[in-house]
Amino acid sequence: MTATITTPSTSTRHWYLAPPDARSGLGDGAGADGPVALVDAHRSLLPGGFSTSLAFVTRQGDLLFGDAARAARRGTDVLRYTLPGGPGGPVVLIYDPGQIKTVMTADESIAPSATHQSPLAPIVGPDSVLTSIGERHRQQRALLLPRFHGKAVAKYQQSIERATDAGLRAWPVGKPVPLSDIAHAITLDVIMSAIFGLPDPSEATDAERAMRTAILRLLRLSTTPFATVTQLVNARREDPVGLLKLVLAGVDRAVYRVLAERRAEPGSTSRDDIMALLLAARDTDGNPLSDSEIRDELMTLVLAGHETTANTVAWTFERLTRNREVYTRARAAALGGDEPYVEAVINESMRARPVVPIVARNLLAPFDFGDVRVEPDTTALVSILLLHHRDDLYPHPFEFNPDRFLGTRINPYELMPFGGGIRRCLGAPLAMAELQTVVGAILRRVDLRTHDRPAEKPRHRNVTMIPARGGIVVADAID
Ligand code: HEM
(Lines give C-alpha, C1' and ligand atoms only; values in the text may rest on other atoms or scores of the structure.)
Protein backbone atom coordinates (compact mmCIF):
# COMPACT_ATOMS: atom_id res chain seq x y z
CA MET A 1 0.00 0.00 0.00
CA THR A 2 2.70 2.48 -0.90
CA ALA A 3 1.51 5.62 -2.64
CA THR A 4 3.90 8.39 -3.48
CA ILE A 5 2.62 11.76 -4.62
CA THR A 6 5.86 13.61 -4.61
CA THR A 7 7.94 15.18 -7.28
CA PRO A 8 11.36 13.54 -7.25
CA SER A 9 13.19 16.80 -6.49
CA THR A 10 11.61 17.26 -3.09
CA SER A 11 10.53 13.80 -2.07
CA THR A 12 11.75 12.46 1.22
CA ARG A 13 10.80 9.54 3.41
CA HIS A 14 10.83 11.77 6.47
CA TRP A 15 8.66 14.82 7.06
CA TYR A 16 11.26 16.57 9.21
CA LEU A 17 13.72 16.56 6.31
CA ALA A 18 11.26 18.20 3.89
CA PRO A 19 12.80 21.13 2.04
CA PRO A 20 11.63 24.65 2.96
CA ASP A 21 9.90 25.28 -0.37
CA ALA A 22 7.78 22.13 -0.23
CA ARG A 23 4.04 21.99 0.42
CA SER A 24 2.49 19.53 2.83
CA GLY A 25 -0.51 19.00 0.55
CA LEU A 26 -2.82 19.59 3.54
CA GLY A 27 -5.58 22.14 3.52
CA ASP A 28 -5.20 23.74 0.11
CA GLY A 29 -6.97 21.21 -2.06
CA ALA A 30 -5.22 18.30 -3.69
CA GLY A 31 -4.92 20.10 -7.00
CA ALA A 32 -2.75 23.02 -5.90
CA ASP A 33 0.47 23.57 -7.82
CA GLY A 34 3.95 22.93 -6.53
CA PRO A 35 5.86 20.02 -5.08
CA VAL A 36 4.43 18.12 -2.13
CA ALA A 37 6.95 16.98 0.47
CA LEU A 38 5.65 13.54 1.05
CA VAL A 39 7.05 10.95 2.61
CA ASP A 40 6.44 7.45 1.38
CA ALA A 41 3.33 5.82 2.68
CA HIS A 42 3.35 3.66 5.73
CA ARG A 43 3.76 -0.03 4.99
CA SER A 44 1.77 -2.51 6.97
CA LEU A 45 4.26 -5.13 8.12
CA LEU A 46 2.37 -6.57 11.05
CA PRO A 47 -1.13 -8.01 10.98
CA GLY A 48 -4.18 -6.55 12.66
CA GLY A 49 -3.16 -2.90 12.60
CA PHE A 50 -0.27 -3.41 15.05
CA SER A 51 2.18 -1.81 12.64
CA THR A 52 0.05 1.35 12.61
CA SER A 53 0.11 1.43 16.42
CA LEU A 54 3.87 0.95 16.32
CA ALA A 55 4.24 3.70 13.72
CA PHE A 56 2.29 6.06 16.00
CA VAL A 57 4.99 5.61 18.62
CA THR A 58 8.07 5.45 16.41
CA ARG A 59 7.40 7.59 13.31
CA GLN A 60 4.14 9.36 13.93
CA GLY A 61 4.86 12.31 11.65
CA ASP A 62 5.79 10.16 8.64
CA LEU A 63 2.64 8.06 9.11
CA LEU A 64 0.32 11.04 9.50
CA PHE A 65 1.74 13.28 6.76
CA GLY A 66 1.58 10.36 4.35
CA ASP A 67 -1.96 9.34 5.27
CA ALA A 68 -3.21 12.96 5.33
CA ALA A 69 -1.78 13.84 1.92
CA ARG A 70 -3.41 10.74 0.42
CA ALA A 71 -6.69 11.60 2.15
CA ALA A 72 -6.48 15.14 0.73
CA ARG A 73 -6.38 13.66 -2.76
CA ARG A 74 -9.62 11.88 -1.96
CA GLY A 75 -11.06 15.22 -0.80
CA THR A 76 -11.20 14.53 2.94
CA ASP A 77 -9.17 15.56 5.94
CA VAL A 78 -10.47 13.11 8.50
CA LEU A 79 -8.34 9.99 9.07
CA ARG A 80 -9.69 6.82 10.63
CA TYR A 81 -7.64 4.25 12.51
CA THR A 82 -7.93 1.26 14.79
CA LEU A 83 -4.96 1.18 17.10
CA PRO A 84 -4.50 -2.13 18.92
CA GLY A 85 -2.83 -1.46 22.28
CA GLY A 86 -3.95 2.20 22.07
CA PRO A 87 -7.34 3.65 22.88
CA GLY A 88 -10.01 0.94 22.68
CA GLY A 89 -12.50 1.26 19.82
CA PRO A 90 -12.37 3.35 16.65
CA VAL A 91 -10.14 6.42 16.34
CA VAL A 92 -10.50 9.50 14.13
CA LEU A 93 -7.71 11.97 13.61
CA ILE A 94 -8.54 15.58 12.74
CA TYR A 95 -6.42 18.61 11.79
CA ASP A 96 -8.91 21.15 10.43
CA PRO A 97 -9.16 24.26 12.68
CA GLY A 98 -12.98 24.37 12.48
CA GLN A 99 -13.35 20.69 13.35
CA ILE A 100 -10.82 21.03 16.15
CA LYS A 101 -12.71 23.99 17.62
CA THR A 102 -15.95 21.98 17.53
CA VAL A 103 -14.35 19.19 19.57
CA MET A 104 -12.35 21.37 21.97
CA THR A 105 -15.30 23.62 22.82
CA ALA A 106 -17.93 20.85 22.98
CA ASP A 107 -19.52 20.22 26.36
CA GLU A 108 -17.54 17.81 28.51
CA SER A 109 -20.57 15.52 28.69
CA ILE A 110 -20.09 14.71 24.98
CA ALA A 111 -16.34 15.23 24.41
CA PRO A 112 -14.41 14.75 27.67
CA SER A 113 -10.63 14.71 27.79
CA ALA A 114 -8.99 11.30 27.37
CA THR A 115 -6.04 12.17 29.63
CA HIS A 116 -7.10 9.53 32.18
CA GLN A 117 -5.74 7.08 29.57
CA SER A 118 -2.47 9.02 29.29
CA PRO A 119 0.87 7.38 30.16
CA LEU A 120 1.12 9.93 32.97
CA ALA A 121 -2.07 8.68 34.66
CA PRO A 122 -0.47 5.89 36.77
CA ILE A 123 2.02 8.46 38.13
CA VAL A 124 -0.26 11.41 38.82
CA GLY A 125 -3.34 9.42 39.87
CA PRO A 126 -6.92 9.67 38.59
CA ASP A 127 -7.93 12.84 40.47
CA SER A 128 -5.33 15.41 39.46
CA VAL A 129 -6.18 18.46 37.35
CA LEU A 130 -4.80 16.61 34.31
CA THR A 131 -6.63 13.32 34.70
CA SER A 132 -9.95 14.25 36.32
CA ILE A 133 -13.04 15.36 34.42
CA GLY A 134 -16.26 17.20 35.30
CA GLU A 135 -16.75 18.95 38.64
CA ARG A 136 -13.50 17.68 40.15
CA HIS A 137 -11.52 19.07 37.21
CA ARG A 138 -13.30 22.43 37.38
CA GLN A 139 -12.49 22.75 41.10
CA GLN A 140 -8.83 21.82 40.74
CA ARG A 141 -8.37 24.12 37.77
CA ALA A 142 -10.09 27.06 39.50
CA LEU A 143 -7.84 26.54 42.53
CA LEU A 144 -4.60 26.49 40.54
CA LEU A 145 -5.35 28.98 37.77
CA PRO A 146 -4.67 32.19 39.75
CA ARG A 147 -1.09 30.99 40.43
CA PHE A 148 -0.43 30.75 36.69
CA HIS A 149 -1.79 34.12 35.60
CA GLY A 150 0.50 36.92 34.40
CA LYS A 151 0.90 38.72 37.74
CA ALA A 152 1.54 35.54 39.67
CA VAL A 153 4.06 34.37 37.09
CA ALA A 154 5.92 37.71 37.41
CA LYS A 155 6.74 36.61 40.97
CA TYR A 156 8.61 33.60 39.59
CA GLN A 157 10.66 35.77 37.20
CA GLN A 158 13.55 36.18 39.63
CA SER A 159 13.89 32.44 40.12
CA ILE A 160 13.67 31.88 36.36
CA GLU A 161 16.54 34.32 35.87
CA ARG A 162 18.58 32.78 38.70
CA ALA A 163 18.09 29.27 37.28
CA THR A 164 18.97 30.44 33.76
CA ASP A 165 22.14 32.08 35.01
CA ALA A 166 23.21 28.91 36.88
CA GLY A 167 22.41 26.81 33.78
CA LEU A 168 24.54 29.01 31.51
CA ARG A 169 27.44 29.01 33.98
CA ALA A 170 27.46 25.18 34.03
CA TRP A 171 27.44 24.91 30.19
CA PRO A 172 30.74 23.43 28.92
CA VAL A 173 32.30 25.69 26.27
CA GLY A 174 33.59 24.17 23.03
CA LYS A 175 31.90 20.78 23.49
CA PRO A 176 28.89 19.38 21.65
CA VAL A 177 26.13 19.10 24.28
CA PRO A 178 22.42 18.31 24.06
CA LEU A 179 20.71 21.59 24.83
CA SER A 180 17.90 19.64 26.44
CA ASP A 181 20.31 18.70 29.31
CA ILE A 182 20.95 22.36 30.08
CA ALA A 183 17.28 23.27 29.67
CA HIS A 184 16.18 20.35 31.90
CA ALA A 185 18.39 21.64 34.73
CA ILE A 186 16.97 25.16 34.34
CA THR A 187 13.31 24.11 34.18
CA LEU A 188 13.77 21.75 37.15
CA ASP A 189 15.10 24.64 39.26
CA VAL A 190 12.17 26.83 38.22
CA ILE A 191 9.68 24.11 39.12
CA MET A 192 11.36 23.44 42.45
CA SER A 193 11.09 27.07 43.40
CA ALA A 194 7.69 28.01 41.86
CA ILE A 195 5.86 24.81 42.74
CA PHE A 196 7.58 23.50 45.85
CA GLY A 197 8.98 26.80 47.15
CA LEU A 198 12.43 25.21 47.48
CA PRO A 199 15.16 27.72 48.24
CA ASP A 200 18.73 27.52 46.94
CA PRO A 201 19.98 23.95 47.65
CA SER A 202 22.45 25.39 50.20
CA GLU A 203 19.57 26.74 52.32
CA ALA A 204 17.25 23.73 51.89
CA THR A 205 16.27 21.44 54.77
CA ASP A 206 17.20 17.73 54.72
CA ALA A 207 13.62 16.84 53.80
CA GLU A 208 13.63 19.34 50.91
CA ARG A 209 16.95 18.04 49.60
CA ALA A 210 15.69 14.45 49.79
CA MET A 211 12.54 15.42 47.87
CA ARG A 212 14.56 17.08 45.14
CA THR A 213 16.74 13.96 44.78
CA ALA A 214 13.69 11.65 44.66
CA ILE A 215 11.95 13.75 42.00
CA LEU A 216 15.14 13.92 39.96
CA ARG A 217 15.35 10.11 40.11
CA LEU A 218 11.79 9.82 38.80
CA LEU A 219 12.44 12.31 36.00
CA ARG A 220 15.65 10.48 35.03
CA LEU A 221 13.74 7.20 34.92
CA SER A 222 11.25 8.80 32.56
CA THR A 223 14.06 9.65 30.12
CA THR A 224 15.77 6.22 30.00
CA PRO A 225 14.85 3.36 27.65
CA PHE A 226 13.17 1.81 30.71
CA ALA A 227 10.56 4.55 30.39
CA THR A 228 9.00 2.90 27.35
CA VAL A 229 8.93 -0.48 29.06
CA THR A 230 7.55 1.12 32.23
CA GLN A 231 4.96 2.95 30.16
CA LEU A 232 3.82 -0.28 28.49
CA VAL A 233 3.74 -2.21 31.77
CA ASN A 234 1.69 0.53 33.42
CA ALA A 235 -0.54 1.42 30.47
CA ARG A 236 -4.19 1.83 31.44
CA ARG A 237 -3.52 1.08 35.11
CA GLU A 238 -4.69 3.40 37.83
CA ASP A 239 -2.00 2.24 40.25
CA PRO A 240 1.62 1.84 39.19
CA VAL A 241 3.45 -1.51 39.26
CA GLY A 242 7.07 -2.69 38.98
CA LEU A 243 10.00 -0.28 38.95
CA LEU A 244 7.72 2.73 38.69
CA LYS A 245 5.93 1.70 41.89
CA LEU A 246 9.27 1.47 43.69
CA VAL A 247 10.52 4.85 42.52
CA LEU A 248 7.18 6.52 43.23
CA ALA A 249 7.11 5.13 46.78
CA GLY A 250 10.38 7.01 47.42
CA VAL A 251 8.97 10.21 45.89
CA ASP A 252 5.79 9.95 47.97
CA ARG A 253 7.69 9.49 51.24
CA ALA A 254 9.88 12.48 50.44
CA VAL A 255 6.95 14.73 49.46
CA TYR A 256 4.96 13.76 52.58
CA ARG A 257 7.96 14.63 54.79
CA VAL A 258 8.14 18.11 53.29
CA LEU A 259 4.37 18.55 53.64
CA ALA A 260 4.62 17.69 57.36
CA GLU A 261 7.51 20.13 57.74
CA ARG A 262 5.57 22.93 55.99
CA ARG A 263 2.45 22.34 58.08
CA ALA A 264 4.53 22.79 61.23
CA GLU A 265 6.33 25.88 59.90
CA PRO A 266 5.10 29.20 61.34
CA GLY A 267 4.07 31.66 58.58
CA SER A 268 4.07 28.96 55.85
CA THR A 269 0.65 30.15 54.63
CA SER A 270 2.15 33.46 53.43
CA ARG A 271 4.44 31.64 50.96
CA ASP A 272 3.91 32.22 47.20
CA ASP A 273 4.55 28.66 46.05
CA ILE A 274 1.92 26.22 44.85
CA MET A 275 2.55 23.72 47.64
CA ALA A 276 1.49 26.45 50.11
CA LEU A 277 -1.62 27.17 48.02
CA LEU A 278 -2.61 23.50 48.09
CA LEU A 279 -1.94 23.25 51.84
CA ALA A 280 -4.21 26.24 52.49
CA ALA A 281 -7.01 25.07 50.13
CA ARG A 282 -10.36 24.02 51.62
CA ASP A 283 -13.21 22.19 49.88
CA THR A 284 -16.82 23.42 50.04
CA ASP A 285 -17.25 21.71 53.44
CA GLY A 286 -14.14 23.42 54.78
CA ASN A 287 -11.97 20.27 54.69
CA PRO A 288 -8.28 20.49 53.67
CA LEU A 289 -6.88 18.42 50.79
CA SER A 290 -5.35 15.11 51.86
CA ASP A 291 -1.59 14.56 51.53
CA SER A 292 -2.12 12.21 48.60
CA GLU A 293 -4.34 14.73 46.78
CA ILE A 294 -1.68 17.42 47.21
CA ARG A 295 1.03 15.01 46.07
CA ASP A 296 -0.96 14.07 42.92
CA GLU A 297 -1.37 17.74 41.97
CA LEU A 298 2.30 18.54 42.58
CA MET A 299 3.50 15.57 40.51
CA THR A 300 1.16 16.60 37.70
CA LEU A 301 2.72 20.04 37.54
CA VAL A 302 6.26 18.62 37.63
CA LEU A 303 5.60 16.09 34.88
CA ALA A 304 3.50 18.40 32.69
CA GLY A 305 5.88 21.33 33.02
CA HIS A 306 9.41 19.93 32.98
CA GLU A 307 9.96 17.84 29.85
CA THR A 308 7.69 20.05 27.72
CA THR A 309 9.41 23.35 28.46
CA ALA A 310 12.96 21.92 28.35
CA ASN A 311 12.42 20.28 24.97
CA THR A 312 10.80 23.39 23.51
CA VAL A 313 14.07 25.20 24.28
CA ALA A 314 16.01 22.33 22.66
CA TRP A 315 13.83 22.35 19.51
CA THR A 316 14.11 26.16 19.25
CA PHE A 317 17.90 25.96 18.94
CA GLU A 318 17.77 22.80 16.84
CA ARG A 319 15.75 24.88 14.34
CA LEU A 320 17.77 28.10 14.76
CA THR A 321 21.15 26.42 14.25
CA ARG A 322 19.89 25.03 10.96
CA ASN A 323 18.54 28.37 9.77
CA ARG A 324 21.54 30.64 9.94
CA GLU A 325 19.87 33.83 8.73
CA VAL A 326 17.06 33.51 11.24
CA TYR A 327 19.57 32.74 14.00
CA THR A 328 21.58 35.89 13.19
CA ARG A 329 18.44 38.00 13.17
CA ALA A 330 17.16 36.45 16.41
CA ARG A 331 20.49 37.14 18.11
CA ALA A 332 20.41 40.77 17.02
CA ALA A 333 16.78 41.02 18.19
CA ALA A 334 17.63 39.62 21.63
CA LEU A 335 20.64 41.91 22.01
CA GLY A 336 18.55 44.91 20.88
CA GLY A 337 15.64 44.13 23.26
CA ASP A 338 13.25 43.26 20.39
CA GLU A 339 11.04 40.95 22.47
CA PRO A 340 8.29 40.53 19.83
CA TYR A 341 10.81 38.93 17.45
CA VAL A 342 12.09 36.56 20.14
CA GLU A 343 8.47 35.63 20.91
CA ALA A 344 7.85 35.06 17.18
CA VAL A 345 10.86 32.69 17.12
CA ILE A 346 9.40 30.74 20.05
CA ASN A 347 5.97 30.56 18.38
CA GLU A 348 7.51 29.42 15.12
CA SER A 349 9.51 26.77 16.95
CA MET A 350 6.37 25.49 18.72
CA ARG A 351 4.53 25.53 15.37
CA ALA A 352 7.19 23.57 13.50
CA ARG A 353 8.00 21.16 16.36
CA PRO A 354 5.08 21.01 18.83
CA VAL A 355 6.37 19.11 21.85
CA VAL A 356 2.86 17.76 22.50
CA PRO A 357 1.91 16.71 18.96
CA ILE A 358 -1.47 15.12 19.73
CA VAL A 359 -4.24 15.57 22.30
CA ALA A 360 -7.23 13.26 22.68
CA ARG A 361 -10.93 13.52 23.48
CA ASN A 362 -13.55 10.77 23.87
CA LEU A 363 -16.52 11.44 21.62
CA LEU A 364 -19.64 10.22 23.39
CA ALA A 365 -22.17 11.60 20.87
CA PRO A 366 -22.25 11.57 17.04
CA PHE A 367 -20.06 14.29 15.46
CA ASP A 368 -20.11 15.48 11.84
CA PHE A 369 -16.74 16.49 10.41
CA GLY A 370 -17.61 17.79 6.94
CA ASP A 371 -19.11 14.81 5.13
CA VAL A 372 -17.76 12.36 7.66
CA ARG A 373 -20.10 11.20 10.42
CA VAL A 374 -18.37 9.86 13.50
CA GLU A 375 -20.30 7.51 15.74
CA PRO A 376 -20.31 7.73 19.56
CA ASP A 377 -17.56 5.97 21.55
CA THR A 378 -14.86 7.04 19.14
CA THR A 379 -11.57 8.55 20.30
CA ALA A 380 -10.78 11.84 18.54
CA LEU A 381 -7.08 12.57 18.16
CA VAL A 382 -6.34 16.21 17.41
CA SER A 383 -3.08 16.36 15.46
CA ILE A 384 -1.41 19.61 16.45
CA LEU A 385 1.53 18.62 14.22
CA LEU A 386 -0.61 18.37 11.07
CA LEU A 387 -2.67 21.47 11.94
CA HIS A 388 0.61 23.43 12.18
CA HIS A 389 1.65 22.26 8.69
CA ARG A 390 -1.46 23.10 6.68
CA ASP A 391 -0.57 24.97 3.50
CA ASP A 392 -3.68 27.16 3.80
CA LEU A 393 -2.68 28.40 7.28
CA TYR A 394 1.11 28.38 6.89
CA PRO A 395 2.38 28.77 3.32
CA HIS A 396 5.66 26.83 2.94
CA PRO A 397 4.99 25.06 6.23
CA PHE A 398 8.42 23.36 6.33
CA GLU A 399 10.23 26.69 6.23
CA PHE A 400 11.37 28.09 9.61
CA ASN A 401 10.06 31.62 9.36
CA PRO A 402 9.20 33.59 12.54
CA ASP A 403 7.92 36.50 10.39
CA ARG A 404 4.65 34.59 10.13
CA PHE A 405 3.87 35.65 13.68
CA LEU A 406 4.94 39.29 13.54
CA GLY A 407 2.15 41.87 13.77
CA THR A 408 -0.63 39.29 13.60
CA ARG A 409 -3.25 38.16 16.09
CA ILE A 410 -2.87 34.46 16.60
CA ASN A 411 -6.04 32.40 16.11
CA PRO A 412 -6.12 29.95 19.07
CA TYR A 413 -7.36 27.10 16.83
CA GLU A 414 -4.63 27.61 14.24
CA LEU A 415 -1.63 27.63 16.59
CA MET A 416 -2.18 25.19 19.42
CA PRO A 417 1.07 24.15 21.14
CA PHE A 418 -0.73 24.45 24.48
CA GLY A 419 -3.96 22.71 23.38
CA GLY A 420 -7.28 24.51 23.73
CA GLY A 421 -10.69 24.85 25.35
CA ILE A 422 -11.20 24.14 29.03
CA ARG A 423 -8.17 21.81 29.08
CA ARG A 424 -5.77 24.37 27.61
CA CYS A 425 -2.37 24.14 29.29
CA LEU A 426 -2.61 25.58 32.77
CA GLY A 427 1.11 26.34 32.82
CA ALA A 428 1.24 28.20 29.48
CA PRO A 429 2.02 31.63 31.01
CA LEU A 430 4.79 30.12 33.16
CA ALA A 431 6.14 28.20 30.17
CA MET A 432 6.14 31.34 28.00
CA ALA A 433 7.92 33.34 30.74
CA GLU A 434 10.55 30.59 30.99
CA LEU A 435 10.95 30.33 27.24
CA GLN A 436 11.30 34.10 26.78
CA THR A 437 13.92 34.29 29.53
CA VAL A 438 15.91 31.17 28.64
CA VAL A 439 15.82 31.57 24.83
CA GLY A 440 16.54 35.32 25.18
CA ALA A 441 19.51 34.71 27.51
CA ILE A 442 21.00 31.97 25.29
CA LEU A 443 20.66 34.21 22.23
CA ARG A 444 22.28 37.16 24.02
CA ARG A 445 24.99 35.43 25.99
CA VAL A 446 26.02 32.31 24.08
CA ASP A 447 27.87 32.27 20.81
CA LEU A 448 26.47 29.10 19.31
CA ARG A 449 28.14 27.33 16.47
CA THR A 450 25.65 26.91 13.70
CA HIS A 451 25.91 23.95 11.41
CA ASP A 452 24.25 22.38 8.42
CA ARG A 453 23.72 18.89 9.75
CA PRO A 454 20.44 17.25 8.78
CA ALA A 455 17.53 18.12 11.05
CA GLU A 456 17.30 16.02 14.21
CA LYS A 457 14.81 13.21 14.08
CA PRO A 458 11.75 13.63 16.32
CA ARG A 459 11.46 10.96 19.00
CA HIS A 460 8.22 10.18 20.81
CA ARG A 461 8.54 9.77 24.56
CA ASN A 462 5.48 9.44 26.81
CA VAL A 463 3.19 12.15 25.41
CA THR A 464 5.97 14.29 23.98
CA MET A 465 7.82 14.69 20.68
CA ILE A 466 11.44 15.59 21.41
CA PRO A 467 14.65 15.98 19.38
CA ALA A 468 16.25 12.51 19.22
CA ARG A 469 19.72 13.83 20.15
CA GLY A 470 18.45 16.48 22.57
CA GLY A 471 19.26 19.38 20.25
CA ILE A 472 23.06 19.11 20.04
CA VAL A 473 24.85 22.49 19.97
CA VAL A 474 28.35 23.79 20.57
CA ALA A 475 28.90 27.02 22.50
CA ASP A 476 32.04 28.82 21.30
CA ALA A 477 31.81 31.43 24.04
CA ILE A 478 29.49 32.27 26.92
CA ASP A 479 29.31 35.74 28.54
C1 HEM B 1 6.31 24.56 26.37
C2 HEM B 1 5.81 23.99 27.44
C3 HEM B 1 4.46 23.32 27.50
C4 HEM B 1 3.71 22.75 26.51
C5 HEM B 1 4.04 22.68 25.02
C6 HEM B 1 2.50 22.24 27.13
C7 HEM B 1 1.46 21.65 26.42
C8 HEM B 1 0.26 21.27 26.98
C9 HEM B 1 -0.88 20.78 26.26
C10 HEM B 1 -0.94 20.59 24.73
C11 HEM B 1 -1.88 20.53 27.15
C12 HEM B 1 -3.29 20.06 26.83
C13 HEM B 1 -3.50 18.58 26.97
C14 HEM B 1 -4.88 18.14 26.52
O15 HEM B 1 -5.66 18.91 25.98
O16 HEM B 1 -5.16 16.96 26.69
C17 HEM B 1 -1.36 20.84 28.46
C18 HEM B 1 -2.07 20.68 29.63
C19 HEM B 1 -1.55 20.97 30.89
N20 HEM B 1 -0.31 21.52 31.17
FE21 HEM B 1 1.08 22.09 29.82
N22 HEM B 1 2.56 22.47 28.47
C23 HEM B 1 3.73 23.14 28.75
C24 HEM B 1 4.17 23.58 29.99
C25 HEM B 1 3.49 23.42 31.18
C26 HEM B 1 3.93 23.91 32.48
C27 HEM B 1 5.20 24.73 32.72
C28 HEM B 1 3.01 23.48 33.39
C29 HEM B 1 2.98 23.70 34.88
C30 HEM B 1 4.00 23.80 35.66
C31 HEM B 1 1.97 22.76 32.67
C32 HEM B 1 0.86 22.19 33.24
C33 HEM B 1 -0.20 21.65 32.53
C34 HEM B 1 -1.41 21.14 33.18
C35 HEM B 1 -1.69 21.10 34.67
C36 HEM B 1 -2.26 20.71 32.14
C37 HEM B 1 -3.65 20.10 32.27
C38 HEM B 1 -4.71 21.19 32.17
C39 HEM B 1 -6.13 20.68 32.27
O40 HEM B 1 -6.39 19.54 31.92
O41 HEM B 1 -6.98 21.48 32.72
N42 HEM B 1 2.31 22.73 31.33
N43 HEM B 1 -0.05 21.30 28.34
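Indexing begins at 1, ligand by ligand and atom by atom, following the structure's order.
At least one heavy atom of T312 sits less than 4.0 Å from an atom of ligand 1.
Atom 30 (C) of ligand 1 has L301 O, 3.6 Å as its closest protein atom, hydrogens excluded (heavy atom only). Among all protein heavy atoms, the one lying closest to atom 13 (C) of ligand 1 is V359 CG1, 3.7 Å. In this structure, atom 37 (C) of ligand 1 lies nearest to the protein heavy atom L130 CD1, 3.5 Å. Ranking the protein heavy atoms by distance from atom 35 (C) of ligand 1 puts V129 CG1, 3.6 Å first. Protein heavy atom in closest approach to atom 5 (C) of ligand 1: P417 O, 3.5 Å.
Counting heavy atoms only, R361 comes closest to atom 15 (O) of ligand 1 of the residues E307, R361, M104. Considering only non-hydrogen atoms, atom 12 (C) of ligand 1 lies nearest to R423 out of Q140, M465, R424, R423.
Summarising the local packing, CZ of R136 is surrounded by more than 12 heavy atoms from other residues, nucleotides or ligands at distances under 6.0 Å. Within 6.0 Å of CD in Q158 there are 12 or fewer heavy atoms belonging to other residues, nucleotides or ligands. Counted within 6.0 Å of CD on E375, heavy atoms from surrounding residues, nucleotides or ligands total more than 12; the atom is thus considered enclosed.
Ring pair F398/H389 is tilted by interplanar angle, where 30° to 60° counts as tilted.
By the criterion of a heavy-atom distance under 4.0 Å, the side chain of R141, and not its backbone, is placed next to ligand 1. Only the side chain of H137 comes within 4.0 Å of ligand 1, counting heavy atoms alone; its backbone N, CA, C and O stay farther away. If you look at T309 next to ligand 1, the close heavy atoms, those under 4.0 Å, come from the backbone and the side chain alike.
The distance from ligand 1 to the heavy atoms of T115 drops below 4.0 Å at these ligand atoms: 16 (O).
Taking all atoms of both residues into account, the shortest heavy-atom contact from Q99 to V78 is OE1-CG2, 3.8 Å. The nearest pair of heavy atoms linking A163 to V190 is CB-CG2, 4.0 Å.
Under 3.5 Å, the side chains of E261 and T205 contain a donor-acceptor pair of N or O atoms. Side-chain N/O atoms of Q157 and T437 include a donor and acceptor closer than 3.5 Å.
The pair K155-D273 does not count as a salt bridge, with every side-chain nitrogen at least 4.0 angstrom from each carboxylate oxygen. Taking a cutoff of 4.0 Å between a charged side-chain nitrogen and a carboxylate oxygen, K457 and D62 do not qualify as a salt bridge.
Both tests pass for R351 against the ring of Y394: distance under 6.0 Å to the centre and angle within 45° of the axis.
Judged as a side chain to side chain donor-acceptor pair (under 3.5 Å), and not counting sequence neighbours, the contacts of S193 are S159.
Atom 21 (Fe) of ligand 1 has C425 SG as its protein N, O or S neighbours under 2.8 Å.
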